[in-house]
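Below is one structure; the comments refer to it alone.
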Amino acid sequence: MKIRAKKSLGQNFLHDASVIERIVGALDIRDSDTVIEIGPGTGALTETLVKTGVKLVAVEFDRELVPLLESQFRYDENFSLVNTDALNVDFASIVDKPEGVKLVANLPYNISTPILQRLIEQRHIFSTLVLMFQREVVERIVAKPATKDRGFLSVIAQTGFDIEHLFDVAPGSFRPVPKVWSSVIRLTPKPAFVGDEAIFRKVVSQSFAQKRKTILNNLKGIYDDASSVLESAAIDGIRRAETLSLDEWVTLTAAIKKGTSLTSQ
Ligand code: SAM
């Protein structure tokens, strides 16, 4: 069956065997592993993974790919397919044992931020995640404080995970050939966050709402006493959000939880 790649679902299928080997190698597979793959597509990574003997649960949104994948892996008892949107999945509910799970995905650009947010929220069931994103997205994910790519994504990703940038992948490794390079990263979940994660996400998101504004002016939008909480967290209100370290974000969240009232929401 001939498959026409859908641009709307970010379908650029991997065909470079050495890249596939490196991605699967980065998962450090053990026989007893359960691996979730988001977006198996035409099965490029899936095939190599299934051959290792791991329990592989694939989550594919594109209904048209279902018969193809089911036929391709019909003799593989360690393969199962969930035809749904990965953005709505409770990952714990699709595996037998929701701990130490590994996850692999070559992700479409348009869902990188929401999928990463979901993985952060559900990170406690995972031991290792190997993800491929557009290279520019990875530059934002790994950006250090006070660099131009530092933003909401960098802060929330680095709070949830230890992140290793593994390697870059040239456009020619995919069909159809995309305009951009991709990068592969490995994420290891950090222990539970010390603090209130919902407030943390809200504070970080609001602080980056308008990048040119100071952190004080951004936070004033939702917190009455933004000025005094910044002071109690020892953060100068004229700084911009991208200059804050992870520790400073944690301190600021704690100060806000302790001492503020919301002006809205
Ligand atoms: N893993 C395959 C490969 O490397 O060749 C395909 C990668 S392709 C870049 C992205 C895959 O994610 C496609 O199969 C696409 O249909 C699927 N996809 C897109 N959005 C999705 C979503 N919200 N939930 C699950 N799968 C999705």
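Order of listing sets the numbers, starting from 1, for every ligand and every atom in it.
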Should Lys202 and Glu197 count as an ion pair when the cut-off is N to O under 4.0 Å? no

Suppose we screen for side chain to side chain contact (heavy atoms under 4.5 Å, CB included). Which residues come up paired with Ala233, at least two apart in sequence or across chains? Ile235, Thr251, Leu252, Ala255

Quick test of your reading of the model: are Glu64 and Lys6 salt-bridged, counting only N-O distances below 4.0 Å? yes

Pocket residues around ligand 1 (non-hydrogen, under 4.0 Å) come out as Leu9, Gly10, Gln11, Asn12, Phe13, Leu14, Glu37, Gly39, Pro40, Gly41, Ala44, Val59, Glu60, Phe61, Asp62, Leu65, Thr84, Asp85, Ala86, Asn106, Pro108, Ile111

What one should report as the nearest heavy-atom pair of Ile156 and Ile120 is O-CD1, 3.5 Å

Name all residues meeting the ring-ring contact (aromatic ring centres under 6.0 Å, His included) criterion together with Phe208; count only those two or more places apart in sequence or in a different chain, and write none if there are none. Trp249

Once ring pair (Phe, Tyr, Trp, His ring centres under 6.0 Å) is applied, what residue pairs with a partner in residues 51-85 remain, sequence neighbours excluded? Phe73-Phe79

